[in-house]
Each structure stands twice: as structure tokens, then as C-alpha cells.
Number of protein chains: 2
Amino acid sequence: MTEQNPLSRQQLVAGAADMIRRRGLNATSIREVAKHAQTPLGSTYHYFPGGKQQLATEAVRFAGDAVARMLDKELRAGPVEGLRAFLALWREIITSTDFQAGCPVLAVSIEEHAADERPAVLAAAAEVFNGWEAQLADSMRQHGADPQAAGQLATLVVAAAEGAVAMCRAQRSTRPLDQVSAQLEELTRTTVCN
Amino acid sequence: MTEQNPLSRQQLVAGAADMIRRRGLNATSIREVAKHAQTPLGSTYHYFPGGKQQLATEAVRFAGDAVARMLDKELRAGPVEGLRAFLALWREIITSTDFQAGCPVLAVSIEEHAADERPAVLAAAAEVFNGWEAQLADSMRQHGADPQAAGQLATLVVAAAEGAVAMCRAQRSTRPLDQVSAQLEELTRTTVCN
DNA sequence: GTCTATACGAAGATAGAC
DNA sequence: GTCTATCTTCGTATAGAC
């Protein structure tokens, strides 16, 4: 299993994640991803024999892992600090792109459709969401939160953050995310110090 | 300004809303919307000279108004009852379609992209989100909630519901929405009876 | 192994027949 | 006014030259 050209491969995955983040999955074409990574179109299918599905799946995991690594690091300072970092990351993503980028995991979750089958990219998205939730919930539990309450709140955090990011893009304002952040922080504080 | 064939027009808008709900904006083609409504392709451009943009914009408003009307009715029984109906609606949408449909307003919010311009469909999405928020917040205020807290909570409700619906689709489970619903209900109860 | 050239279908939009 | 046929562009994917 030779690893060909890992550099181009990684650029393709990162570029695909960025484009999905901005335009959604369907508007992200392999052609443009390859062009952006200065890679010939044919190479894309050499690196990713599974085509667009495979590239999109790896892009979702790539973006999910980046957030997970950040969470892992910031949660060491406590659940509230981790939460703040999580929310600040989304805020940075939407402001630094003038409200043009959001979350690629959410994007693939609402686009894929094939009545009978369950695409790999959707399964990857589910895993990413579950992973973030577990990281947040575990941290709260380790700081004295009720186990069940921690799980519920972690779900609320991820759902509210994802929804708020989308609303910010529609309204071209960080207000939704800022208002949601204040409430989630408050909730986390009271849940941890129970 | 003759109104041609209002029936076909409405079918096209409703069909477009349904398709956007399931597949997202980019994967929704005028061709298929017309086919589904048993209308010739050319007629679509007769009814909607603005093309896909116009059809999508009207579809977003159509879906948004349907929810707003339901909210208006259910909120008469109080903010908690209205919230329950709002959340139950989303639950019904995802379960009755086997997790294939979500919210068209969210879908257009994360897909459109054109660096310099601000598409009409995005503005419509922002208005719909703001409208739902205002309805929920006003109801809470009318039942004794602190005005600012009501506004913040209404934003959290919409954001969390939208995000949870997307997570439910990815995980093929209503768990995210159910967990979020329980917490939003509790929060609304305490905010109203302050 | 790497990339150019191309096959094939479907998209948005319109011209022009009825 | 209503719809068919078509223009043009772009999508995924691949065949085959280097």
C-alpha cells in the first residue's frame, strides 16, 4: 500500500472540506477542488477511487477531527473553557469568512438523499457529532455534573451551535451565536456546579 | 397583472419547498420540480421569470409562513404549548419521511454563496428565522418573561431545533431532538414563571 | 503511476412553434 | 399564453497516452 503523494492528497481533502463548508456538498465539484489544489482531475480519482463520496467522507472526518483535537486540548482547562473555545471557533469561522463558511458536517447532513441507501458520508457526519457530544459530556461528568444531564446538555450545545451558525449566515450577523453562547455558558456553569 | 394558473404556480412552490427540504437547494432542479408538478419546464419560467432564485425564494417563504401560521395558532394556548407544537412539528417531519426531510430555510442558509452579492433567497431565510423568533419571544413576554431573556431564549429555541433536526437526519434517530426538546421546555417554563 | 482528453448526462435558461 | 426543442455550461467519471 504505497502512499503516493500524501501532500496532494491532504490538500484535496482540506480543500474539499473548505468548499463543502462554504457551498454545501452538491455545489462542491471534484473539478474545482482539484483545480484549487492545483492537482489534475485524474489524480483525484487516483487518490480517491471511491470518487466524490470518498472525498466528501474524508473531508467530513478531517474537519471533525480538527475540532475534536481543539476540544480535547481546551477541555483540559474545564468544561466551561472548552465550551467557550468551541463556540469561539464557530464565531471565528463565520466572521473571518464574512459569513460565507459554516460547518461541513451540518452541510452533508441535510443534503444527502437516497431513499434506500445510507451514504458513507452521512455515517461519518453522525460519528463526528457523536464524538463532539461525548467529549463535552465526559468533561462535564468529570467535573461533577449529573451523568444524564451532562449528556443532554452536550447534545443541546452541539445542536444550538450548529443551528446558530446557520442563522448567522442567513442574517449576516453574529447575534444568534452570541445569544446562544451566553445561555449555553450559563447552563453549563449551573450543570457542572450542581 | 393576470394571475394565469394559480393552481400550477402553487404546486410548483410547494414542490420546490419539499424538494429543498429533502435534498437541499443545489440538488433541487427546476426540471424535476416541474415534472413532479406535472407542469412543462417552460411554464416554470413563465410563472417565475426570475428563474430558480425566485422559485426558491417563494418556496422558503411558503414553508416559513406555514410554520408561522401553526405557531400563531398554538401560541394562543401559551408559550410552552407553542414551543411543544413547534418541536412536535419538526419531529413529525423527520419521522414521517424516514429522516429524509428537514428544514428548507436552514438548507438555503448554508448553501448559497456569491462573495459579493446577497441573494434574495438568503434574505427570505433571514426574515423567516426572525419571524419565528419574534413570535416565540412575544408570547413569552406576554406571559411575564423578562423581555431580554425572552428574546435570547427564542433564539436558542430556533437554533437548537434547527441543529437538532440536522443531527437527527445524520444519526437516523430522534434522540437529539428529543433531548433538546426536554431542555427547551424546562427553560421556557422557568423563564415564563420568573 | 500521472495526467490529458473525452464520454455522457443533466443542469439553467431561452427561442420560437403552436 | 403555453409548451417543445434546443443552446450552453458544467457535473462525474474514465480511457488511454506518457
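Atom CG in B:L55 sits roughly 10 Å away from atom P in C:dA13 (whole-Å rounding). Rounded to an integer number of Å, the gap from CG of A:L25 to P of D:dT12 is 10 Å. Remark: P of C:dA10 and NZ of A:K52 are 15 Å apart, rounded to the nearest angstrom. The distance between atom CD of B:Q38 and atom P of D:dT4, rounded to the nearest whole Å, is 13 Å. Distance B:K35 NZ to D:dC3 P: 17 Å, rounded to the nearest Å. Spacing between atom CD1 of B:I30 and atom C1' of C:dA11 amounts to 10 Å, rounded to whole angstrom units. Per the geometry, CZ belonging to A:R31 stands 13 Å off P belonging to D:dT9, to the nearest Å. Distance CG (B:L12) to P (D:dT2): 13 Å, rounded to an integer number of Å.
Nucleic acid contact for B:S8: none, since no nucleic acid atom lies under 4.0 Å from a heavy atom of the residue. Residue-level contact check: B:T44 touches neither bases nor backbone, having no heavy atom under 4.0 Å from any strand.
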Could you write out each protein N or O paired with an N or O of nucleotides 14-18 of chain C at a distance under 3.5 Å?
none

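For B:R84, the side chain to side chain contact (heavy atoms under 4.5 Å, CB included) partners at least two apart in sequence or on another chain are B:V80, B:E185.
The existence of a salt bridge linking A:R9 and A:E58 is confirmed by a sub-4.0 Å separation between a basic side-chain nitrogen and an acidic carboxylate oxygen.
Distances shown here put a side-chain N or O of B:H46 below 4.0 Å from the OP1 or OP2 atom of D:dT2. An OP1 or OP2 oxygen of D:dT2 is reached within less than 4.0 angstrom by no side-chain nitrogen or oxygen of B:S43.
Here CG of A:D65 is found 12.5 Å from CE of A:M70. Values are rounded to the nearest 0.5 Å.
With hydrogens and angles ignored, the 3.5 Å screen pairs a side-chain donor or acceptor of B:T190 with a backbone N or O of B:L187.
Contact annotation: the side chain of A:P49 approaches that of A:Q54 to within less than 4.5 Å [non-hydrogen atoms, C-beta and beyond]. Between B:E32 and B:R23 there is a side-chain heavy-atom pair separated by less than 4.5 Å.
The side chain to side chain donor-acceptor pair (under 3.5 Å) analysis of residues 150-178 of chain A, with sequence neighbours excluded, yields the pairs A:R91-A:T174, A:R91-A:D178, A:D98-A:R172, A:E133-A:T155, A:T155-B:Q179, A:Q171-B:N130, A:T174-A:D178, A:R175-B:E133.
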